[in-house]
Protein chains: 2
Amino acid sequence: MATIYSSQPDVGAAMPDRRAARRQETIDEALDHAVAIMTEHGVGALTVSEMARRMGIRAPSLYKYFPSLRGVYDALFARGLRSQQRAVRAAIEESERGATRIRIGARAVVAWSVANPALAQLLFWRPVPGFEPSPEVFHHSVTEMVEVQAELAEAVQRGELAARAADDDAVRLYTIVLSGVISQQMANQPGATYDTGVFTRLTDDAIDMFFNHYTPAGADHADLGQ
Amino acid sequence: MATIYSSQPDVGAAMPDRRAARRQETIDEALDHAVAIMTEHGVGALTVSEMARRMGIRAPSLYKYFPSLRGVYDALFARGLRSQQRAVRAAIEESERGATRIRIGARAVVAWSVANPALAQLLFWRPVPGFEPSPEVFHHSVTEMVEVQAELAEAVQRGELAARAADDDAVRLYTIVLSGVISQQMANQPGATYDTGVFTRLTDDAIDMFFNHYTPAGADHADLGQ
DNA sequence: GTCTATATGTTGATAGAC
DNA sequence: GTCTATCAACATATAGAC
């Protein structure tokens, strides 16, 4: 297998990999600029022309990397999902399972969202007329919700939450709470960080509210997984 | 004072009122088309040209009624606020005060939002690059929150909710819950009605969750204001 | 208050040379 | 894989005739 560490990079079988890597670098750079544009001027203000302008190339050249503007949005949606997933996984990595992990994961999602408002809007809202993520990209998004449900089931098993918390509706209520925090923060105080945002500061409060709603019978109001 | 019921409508002092009324009708018709365009193609897809096209006039003519495209958005924001307020006031009109009124108002906000998705997106999100409502329009939006806070204080007074429910943070948590329900519904199942939406169906559940979070000391988990 | 005409700018996308 | 050239369309907004 050819390696990108080859000492003779321009020869023979090493080429295709090098080409592919270079190509991927260009794509990544293009997406970096796309995120910057959306952050500065709004998610709906992205244009192929502006991306090309910032890269110092002509617009037609970008069509070698993306089939269309929608293709760019789709790549951005996928990148957003991956980035968010990485952030969450890094946060929960060594945490205890169950309620604790749910809380830490929730904090991570909110923190990632305010740190990446452009991508977050693309994931949580539908701000671009006519754009919907392609099925294969959207599939990852569904996968993520399955993991949340599994963790809720674990919390039930541990006696931290009532049995109802393993239902589909509980997952929905969880997403309602998180997307509420994120939406209100992005819409009403866009510049703030996780610590300074008047809505993001309520993340733990919101999670408490969610957990209390599923307090197991006989248990007291415990502040789970603090 | 001249009346629009004047039997001699084209004479003298009656004219300015008739002119003003006719002008307002044209503006309203223009905004109707604007809402239709946003509903069909997304909030960000509104153009002066398309509005004119649907009205059967030329684009320049519309500039006699609106100073710019942003002016149209501002008028739409104001219309959305008024419409939502009317819906809520009609719903709570004869209800008991306190927790009951909060619950009924919340249902009304969610129902109005899924029935008016375009205007709701304009109010709850910031989907249009560079558009922010003008200060005087936005002021009404703040007024509304003050009313929510007053009703929460009333619920505290009645012993329905704990004292903390009168804090600023409680109002924020309330808006988090509502905007969460609305955001998730609009983003993930846009076509649904209040009754068929998998998220809007959880409105009462979400309000229960909110109320339980502020259960007064000594009180049991009551389903307030059902 | 409507129109035509126009200035001025933008975009997404393709064809084809190099 | 980059470019030039170009298409076809669309936009916001203004000037000025009627």
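Here is the naming used below: chain letters follow the sequence lines, and residue numbers restart at 1 for every chain.
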Undergrad: Rounded to whole angstroms, how far apart are CZ on B/Phe131 and C1' on D/dT12?
TA: 17 Å

Undergrad: Just call it for A/Ser68: base, sugar-phosphate, or nothing, with non-hydrogen atoms closer than 4.0 Å on any strand.
TA: sugar-phosphate

Undergrad: May I have the distance from A/Leu69 (atom CG) to C/dA13 (atom C1'), rounded to whole angstrom?
TA: 11 Å

Undergrad: Which atoms form the tightest heavy-atom contact between A/Leu173 and B/Leu202, and what is the distance?
TA: N-CD1, 4.3 Å

Undergrad: Any side-chain to backbone donor/acceptor pair from A/Ser83 onto A/Arg79? Under 3.5 Å, distance only.
TA: no

Undergrad: Output the residues of residues 45-67 of chain B in contact with DNA chain D, where contact means a heavy atom of the residue under 4.0 Å from an atom of the strand; sort by number or write none.
TA: B/Thr47, B/Val48, B/Ser49, B/Arg53, B/Pro60, B/Tyr63

Undergrad: With sequence neighbours left out, what residues match B/Asp195 under side chain to side chain donor-acceptor pair (under 3.5 Å)?
TA: none

Undergrad: Mind jotting down which residue pairs meet the ring-ring contact (aromatic ring centres under 6.0 Å, His included) criterion with at least one end in residues 26-80 of chain A? Sequence neighbours excluded, please.
TA: A/Tyr73-A/Phe131

Undergrad: Can you see whether B/Thr200 engages B/Thr203 through a side-chain donor-acceptor pair at a distance of less than 3.5 angstrom?
TA: no

